[in-house]
A.B. asks: 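Sending over a structure as structure tokens; questions will come in a sec.
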Amino acid sequence: MKYEHQKIEPVWQKKWEDAGIFHAEENSAKPKYYTLIEFPYPSGQGLHVGHPRSYTALDIVARKRRMQGYNVLYPIGWDAFGLPTENFAIKNHIHPREVTKKNVARFKSQLQALGISFDWSREINTTDPGYYKWTQWIFLQLFKHGLAYKKEMAVNWCTSCKCVLANEEVVNGVCERCNSEVIRKVKSQWMLKITAYAERLISDLDLVNYPDRVKAQQKNWIGRSTGAEVDFTTTTDDTLTVYTTRPDTLFGATYMVISPEHPIIEKLSSVIKNMDEVRTYQEAAARKSDFERTEVAKDKTGVRLDGVEAINPVNGRQIPIFISDYVLVSYGTGAIMAVPAHDTRDWDFAKKFQLPIIEVVKGGEDVQKEAFTDCATGVLVNSDYLDGLSVEDAKKKIIEKLTESGKGRAKVNYKLRDWVFSRQRYWGEPIPIVHCPCCGAVPVPESELPLELPDVESYEPTDNGESPLAKMTDWVNTKCPKCGADAKRETDTMPQWAGSSWYFLRYMDPHNNEALASPEALNYWSPVDWYNGGMEHTTLHLLYSRFWHKFLYDIKVVPTPEPYAKRTSHGMILGENGEKMSKSRGNVVNPDDIVNEYGADTMRLFEMFIGDFENAAPWNSNSIKGCRRFAERFYNLGGIMTNEENIRPELEGVFHKTIKKVSDDIEVLKFNTAIAALMSLINDIYATGSVTKGELRIFTTLISPFAPHIAEQVWSEKALGDGFVSRAQWPEYDESKCVDEEIQIVVQVNGKVRDKINVPVEIDKDGALSLAKSGEKIKALIDGKNIVKEIYVPGKLINIVAK
RNA sequence: GCGGGUGUGGUGAAAUUGGCAGACACGCAAGAUUUAGGUUCUUGUGCUGUAAGGCGUGCAGGUUCAAGUCCUGUCACCCGCACCA
């Protein structure tokens, strides 16, 4: 028989589906294991070769767990709301629902052709009203708990999508999706108070098993800093509060800077003599996009407020106040005290505006030439009662003093900002809120959920920045659920991140109409045991979903404080030229072509063999052949099978070692070396000219998570066991059989390998040494020399140091 | 600037606590079989040298009997954040 993947793969896929062997069991007595991959956005391009890297990896884990006796949940669904679908719909005048349906069908058939052991009976879709009913429900709970609020604010506005973007969606000042310019625009937006969870989002990272780089990146993004707030009074008797991480340098503050948007400017407009100049600067700053504002970062600009000064609370000194766009309104208090001697940005500004620079921390070079910013070594000077203290001690002391006098307090700040949650778009979950002239924002009653997306004639966003839903007057005009007065529905929709912030919960109980999932299902399946996904989601999806989950934990909907016990991350698959795959670069590989030509098993083996799972790897069409050959060599083993059940003695050691290696490597994502070990084993088997039935059974079981179709085929053709190999038991190894009786050790002279000898494993130092010295090569090298030292590492080497 | 990562043959890459650098695979070369070609099999394949030997994990030092691995310095590239006070 010849190995024909086109024939066997669809057969086994159908048999698996018919037998439902990958369905998670209800009410199972087995221990549970929940493996999760990031559900795909069903784009029009179809599956990318990057998708199977993650899916196959956790498929291997899921298949191994089933064979180890676990009740495994490995689900799949569609993150189907989103802009590309909507844009395609607009362009081609098709309803986004139809586009989604088509794309999902294509993705599904592509995934099924890969033989991933998903439980298709639990398939979900975020655009399904039965699903987004609960997305809306969660939003209402957030609203009721004061964590969803509406706010007039400057937002990121994509000029092409005509839509608000979250900070996370703006990359280098342009829209992450369409690369168009993003400008700032003041609009009323729904916000989610993720900042209320900032502290726990950091501290609870201790509860989970994530890679350090993921934890570091999340911490960095949340950006916790400790310092103090200090109240400065002004010559007009107003108060200006600043935030600083260096309260110890307060005596060195020689001016203040507030952001151009700071509200005190309006308050002081009658006092400020150069208001025209101030207004001009404010307008210029407002016109700048975030991008421009950071592009020209190094050149400081600003305007001094003429007619008002601030008073330093520790020494009563009057200092000028500037406005400058290097101070951000969105962080801290939107105002800073400037200490040019010890802050590089303040130093630049002071030099440009010829402001005094007073040294208050000694230890650096001349502060007139360069700011001294090191906190670890300096000693305080020119600072009254702080003189002589270290920076650390001075911080404590000044905060103490400020607190006593009521002029300041310790303060923690975060870079993380609240989540801009509304989008002026059609293809998203409607926000279930009614705006009533008397009652304000009123939640749609839960009994009326889902609030379905109405059909509209045109999905184009409007030029004034309103959602296409605003044109649907029949839908928009409604009654206030509270007082019955005429009211209007909220017309903004939720961002794509909404549906993906809780989808893993829905898989636990996907058809429930009474709750997002039953408490029993949540208790049994929570938390996700192993979640694999891309690094690009670390500060978006992963953070958002941790936030939602923590909120659901607080209101006692879910049983665990963290959603994912373990997170791992795959590297990208790059084009053959080492660049990111993209249409414009012409280096895209279509997974369908690979599956057709080489088969799903070869595709799976190749993607796992390609390199370190966590690092990026360039595609290499040549290497696929090696994996295909391996698959064929495995299939051909059937042709040299004998009917013995035992493992032959000469292969016993290598079999046990390989079982151990493959078992261990899967747990630590070393799929490449697991496959290498299997290749090596098959080479050893071929070297003997035959394979016993017992040996082939073990080999087939070991390879089955990687190449399941061909494994099933060999399992059934050679009658290796009952039913499916996918239901067989994972092989065990015997530690004592992993150790060889005779081993080769290396003999070094002065650290250089000169000889190799075979010794029994239990040999002692003297025995090994005398054996080593009896070799002709070694004899010649140490002859007539003084032996200074002899090192023996059992099982490894001997090193003779001779002079 | 801050945080994280990478650097090893012609190529993708391996390498428990420091202990044989290059497993496994691709490619290449020679041979065998079959053939029209491919497939399959065997052998070889880090560089250098006829050989013995010498050299070799970005670069420069250091520790050690022994360093890809530890320490100090340095270069290059990649990813994330970035006027966050």
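Chain letters run A, B, ... following the sequence lines, proteins first and then strands; every chain starts at 1. Computed from a prediction, not measured in an experiment: that's the story for all the values here.
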A.B. asks: Strictly under 3.5 Å: I want the nitrogen or oxygen pairs between protein and nucleotides 15-18 of chain B, one per line.
C.D. replies:
residue: B:U17; atom: O4; partner: A:Lys796; partner atom: NZ; Å: 3.1

A.B. asks: What residues, two or more places apart in sequence or in another chain, satisfy side chain to side chain donor-acceptor pair (under 3.5 Å) together with A:Glu790?
C.D. replies: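 So A:Glu790 forms a side chain to side chain donor-acceptor pair (under 3.5 Å) with A:Lys773.
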A.B. asks: Per the salt bridge (Lys or Arg N to Asp or Glu O under 4.0 Å) rule, what does the pair list look like for residues 668-682 of chain A, sequence neighbours excluded?
C.D. replies: none
A.B. asks: When you compare B:U69 with B:G7, how far apart are their P atoms, in angstrom units rounded to a whole number?
C.D. replies: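 Each nucleotide's P atom is 12 Å from the other's.
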A.B. asks: Output all residues satisfying salt bridge (Lys or Arg N to Asp or Glu O under 4.0 Å) with A:Lys407, sequence neighbours left out; order by chain, then residue number.
C.D. replies: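 A:Lys407 satisfies salt bridge (Lys or Arg N to Asp or Glu O under 4.0 Å) with no other residue.
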A.B. asks: Dump every N/O contact between nucleotides 38-48 of chain B and the protein below 3.5 Å, one line per pair.
C.D. replies:
residue: B:C41; atom: OP1; partner: A:Arg633; partner atom: NH1; Å: 2.5

A.B. asks: Under the salt bridge (Lys or Arg N to Asp or Glu O under 4.0 Å) definition, can you give me all pairs with a residue in residues 248-259 of chain A, not counting sequence neighbours?
C.D. replies: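 Found A:Arg246-A:Asp248.
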A.B. asks: List every contact pair, protein side and nucleotides 4-11 of chain B side both N or O, where the distance is under 3.5 Å.
C.D. replies:
none

A.B. asks: Dot-bracket for RNA chain B, 5' to 3', counting Watson-Crick or G-U wobble pairs under 3.5 Å, with [ ] for crossing pairs and | for inter-strand pairs?
C.D. replies: (((((((..(((......[....)))((((((.......))))))(((....)))..(((((..]....))))))))))))....
A.B. asks: Are any protein N/O atoms closer than 3.5 Å to N/O atoms in nucleotides 63-67 of chain B? If there are, list each pair with its distance.
C.D. replies:
residue: B:C65; atom: OP1; partner: A:Lys789; partner atom: NZ; Å: 3.3
residue: B:C65; atom: O2'; partner: A:Asn799; partner atom: ND2; Å: 3.2
residue: B:C65; atom: O2; partner: A:Asn799; partner atom: ND2; Å: 2.5

A.B. asks: Can you name the residues that form a ring pair (Phe, Tyr, Trp, His ring centres under 6.0 Å) with A:Phe706, not counting sequence neighbours?
C.D. replies: none
A.B. asks: Give A:Ser225 one of three labels, base, sugar-phosphate or nothing, depending on what nucleic acid heavy atoms sit under 4.0 Å from its own.
C.D. replies: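 Sugar-phosphate contact only - A:Ser225 comes under 4.0 Å of backbone atoms but never of a base.
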A.B. asks: With sequence neighbours left out, what residues match A:Phe251 under ring pair (Phe, Tyr, Trp, His ring centres under 6.0 Å)?
C.D. replies: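 Expected list: A:Tyr385.
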A.B. asks: Using atom types as modelled, flag every donor-acceptor pair under 3.5 Å from a side chain in residues 330-340 of chain A to any protein atom, sequence neighbours excluded.
C.D. replies:
residue: A:Tyr331; atom: OH; partner: A:Ser225; partner atom: OG; Å: 3.2
residue: A:Thr333; atom: OG1; partner: A:Thr241; partner atom: O; Å: 2.6
residue: A:Thr333; atom: OG1; partner: A:Ala335; partner atom: N; Å: 3.4
residue: A:Thr333; atom: OG1; partner: A:Ala335; partner atom: O; Å: 3.3

A.B. asks: Rounded to whole angstrom, note down the C1' distance from B:A13 over to B:G62.
C.D. replies: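 Comparing C1' positions in B:A13 and B:G62 gives a spacing of 30 Å.
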A.B. asks: Closest approach to the side chain of A:Gln217, judged atom by atom: which nucleotide of B:C24, B:G80, B:A85 is it?
C.D. replies: B:G80
